[in-house]
2 protein chains.
Amino acid sequence: MWNTGAAAEQASDGYTTIFREATRLFGERGYTGTSMRDIAKAVGMLPGSLYAHIASKESLLFAIIEGGVDRFNHALDDVRATSDDPRVLLREAIKAHVRVVAENPGRTLIVFHQWRYLGDENRARLLDKRARYEHFFTETLRAGVSAGVFDAGLDARMVVFGLLGALNWTPEWFSPDGPATAGEIGEKLADALLNGPLIRADPTGG
Amino acid sequence: MWNTGAAAEQASDGYTTIFREATRLFGERGYTGTSMRDIAKAVGMLPGSLYAHIASKESLLFAIIEGGVDRFNHALDDVRATSDDPRVLLREAIKAHVRVVAENPGRTLIVFHQWRYLGDENRARLLDKRARYEHFFTETLRAGVSAGVFDAGLDARMVVFGLLGALNWTPEWFSPDGPATAGEIGEKLADALLNGPLIRADPTGG
DNA sequence: CCTACCGATCGGTAGG
DNA sequence: CCTACCGATCGGTAGG
């Protein structure tokens with residue numbers, strides 16, 4: 001009877017296993033498309049037994065989303081420490097975002113889309129955390145415009161919506177099996193987003 | 001008994017009403033989060049009566065998504081006729097995209113996210129139509145790089161992913177109640193996306 | 001488009 | 001974490 005159970009499950013306890021399988025299933029089938037029986041089957045329990053570990057289906061969704069948003073916000077805390085230059089901050093924020101997405105694209109899709117299924121209170125808490133994340137981009141852009149390194153002629157709201165939209169769409173196409181690392185993708189995506197494809201008229205005529 | 005029924009329903013027949021209410025409900029609660037009973041209640045029928053007008057829940061989802069994708073592709077057909085300049089084509093495509101989103105942001109969210117719930121055959125048909133849409137952006141970018149009007153130093157895949165991500169995220173924030181029209185938003189978004197916020201070093205020193 | 005219904009499944013709980 | 005179960009709801013159909 002030695003070395004069975006916990007070891008075979010990679011030392012995951014009941015809650016951890018439930019959390020992991022629920023994340024996978026919510027990502028694949030959606031929250032409303034996943035039943036507690038699906039989760040129970042995936043973790044090898046009977047449906048009623050799940051409730052020895054969790055309070056409700058919604059509490060599970062909330063834990064998944066909140067944990068995901070927290071990773072994004074913590075990544076920004078590291079970014080803030082890297083520089084005072086808004087150009088560097090924005091580039092590092094893009095790279096950090098891609099890194100967090102790359103950790104678990106499926107979880108990120110849940111974070112971005114399935115907060116709609118939370119009850120009023122949980123949804124409000126989540127949207128507050130997401131607003132904090134988005135605020136960094138708005139403020140960094142504003143600082144860069146003031147410093148004269150970002151284009152003051154652009155609509156700031158559209159720049160931020162465009163940037164965040166591009167970033168929030170990354171889990172739709174990022175593949176952990178692709179040849180490029182998250183770091184390489186982050187660099188190239190930052191180049192593309194910060195510069196835009198358009199070549200300006202060159203005042204030297206060259 | 002005059003002037004009741006059809007007139008009060010704005011001349012919508014059964015199928016049209018079902019289609020409209022299903023679009024609204026799938027947008028608000030998701031496909032798997034909406035029951036046929038929800039739809040029946042919204043249109044004022046009993047659940048079983050829906051099947052006099054539709055074949056199945058999935059056929060309804062497919063009709064909504066296919067109709068939505070077709071609007072995007074038809075809008076691009078108009079764009080193709082406007083110019084040969086890749087810069088103009090890309091700008092007009094961005095504006096067209098925003099216009100289609102603005103028509104019905106809820107339907108667009110279904111188009112972008114709920115194709116996952118289609119069966120294999122319907123999903124493949126949809127993804128093919130979406131690929132055709134995305135191909136326009138890839139090709140227009142390539143043409144612009146060849147013509148020397150788009151930056152050849154950027155990773156083309158990242159430019160297209162960034163652009164399409166920003167566009168596909170628009171239904172998340174676009175509000176028909178906002179002060180700006182779809183046309184104004186499209187212009188400003190195109191400026192932001194095509195130029196990027198970063199100011200290049202000016203060779204004239206100005 | 002209604003009446004009446006099918007078998008299957010839902011989130012969750014009492015008591016151990 | 002299992003046994004045994006609750007009332008509610010699911011997509012869909014036969015026959016009119």
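Letters go in sequence order (proteins before strands), and every chain restarts at 1.
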Can you list everything that forms a salt bridge (charged side-chain N to carboxylate O under 4.0 Å, His left out) with B/R99? Sequence neighbours excluded, please. none

Using a strict heavy-atom distance below 4.0 Å, which residues from residues 55-62 of chain A are in contact with DNA chain D? none

Where does DNA chain D pair, written as one dot-bracket string 5' to 3', with Watson-Crick or G-U pairs under 3.5 Å, ( ) inside the strand, [ ] for crossing pairs and | for another strand? ||||||||||||||||

Residue pairs passing the side chain to side chain donor-acceptor pair (under 3.5 Å) test with at least one member in residues 34-46 of chain B, sequence neighbours excluded, are B/R29-B/D38, B/S35-B/D38

Can you list every side chain to side chain donor-acceptor pair (under 3.5 Å) pair that touches residues 65-81 of chain B, not counting sequence neighbours? B/E66-B/R125, B/E66-B/K129, B/D70-B/K129, B/R71-B/E103, B/D77-B/R80

Give every donor-acceptor pair under 3.5 Å between a side-chain atom in residues 42-56 of chain A and any protein atom, sequence neighbours left out.
residue: A/S49; atom: OG; partner: A/L46; partner atom: O; Å: 3.4
residue: A/S56; atom: OG; partner: A/S59; partner atom: N; Å: 3.1

Tell me every residue that passes side-chain hydrogen bond (donor to acceptor under 3.5 Å, both in side chains) with A/E21, counting only those two or more places apart in sequence or in another chain. A/R24

Not counting sequence neighbours, which residues clear ring pair (Phe, Tyr, Trp, His ring centres under 6.0 Å) with B/Y133? List them please. B/F72, B/H97, B/F137

Once you round it to whole Å, what is the distance between C1' of C/dA14 and CG of A/L50? 17 Å

Under 4.0 Å between a side-chain N/O of B/Y51 and OP1 or OP2 of D/dT13, yes or no? no

Suppose the criterion is side chain to side chain donor-acceptor pair (under 3.5 Å): which pairs have a residue in residues 161-189 of chain B, not counting sequence neighbours? A/R116-B/E172, B/R91-B/E187, B/K95-B/E187

Strictly below 4.0 Å, heavy-atom distances to any atom of DNA chain D: list the hits from residues 24-36 of chain B, or just say none. B/T34, B/S35, B/M36

Answer yes or no: does atom CZ of A/R87 have more than 12 heavy-atom neighbours from other residues, nucleotides or ligands under 6.0 Å? no

In whole Å, what is the span from the CD1 atom of A/I54 to the P atom of C/dG11? 10 Å

Determine all donor-acceptor pairs shorter than 3.5 Å in which one atom belongs to a side chain in residues 150-163 of chain B; sequence neighbours excluded.
residue: B/D151; atom: OD1; partner: B/G153; partner atom: N; Å: 2.7
residue: B/D155; atom: OD1; partner: B/R157; partner atom: N; Å: 3.0
residue: B/D155; atom: OD1; partner: B/M158; partner atom: N; Å: 3.2

Nucleotide N/O of nucleotides 1-5 of chain C paired with protein N/O under 3.5 Å:
residue: C/dC1; atom: OP2; partner: B/H53; partner atom: NE2; Å: 2.5
residue: C/dC2; atom: OP2; partner: B/L46; partner atom: N; Å: 3.1
residue: C/dC2; atom: OP2; partner: B/S49; partner atom: OG; Å: 2.7

Rounded distance (nearest 0.5 Å) linking atom CG of B/L109 with atom OG1 of B/T23: 12.0 Å

For the atom pair OG1 (B/T108) and NE2 (B/H113), what is the distance rounded to the nearest 0.5 Å? 10.0 Å

Grab the CG-P distance between B/D38 and D/dC10 for me, whole Å please. 6 Å

Out of curiosity, B/L126 CG to B/E121 CD, how far, rounded to the nearest 0.5 Å? 12.0 Å

Under a 4.5 Å cut-off applied to non-hydrogen side-chain atoms, are B/E58 and B/Y117 in contact? no

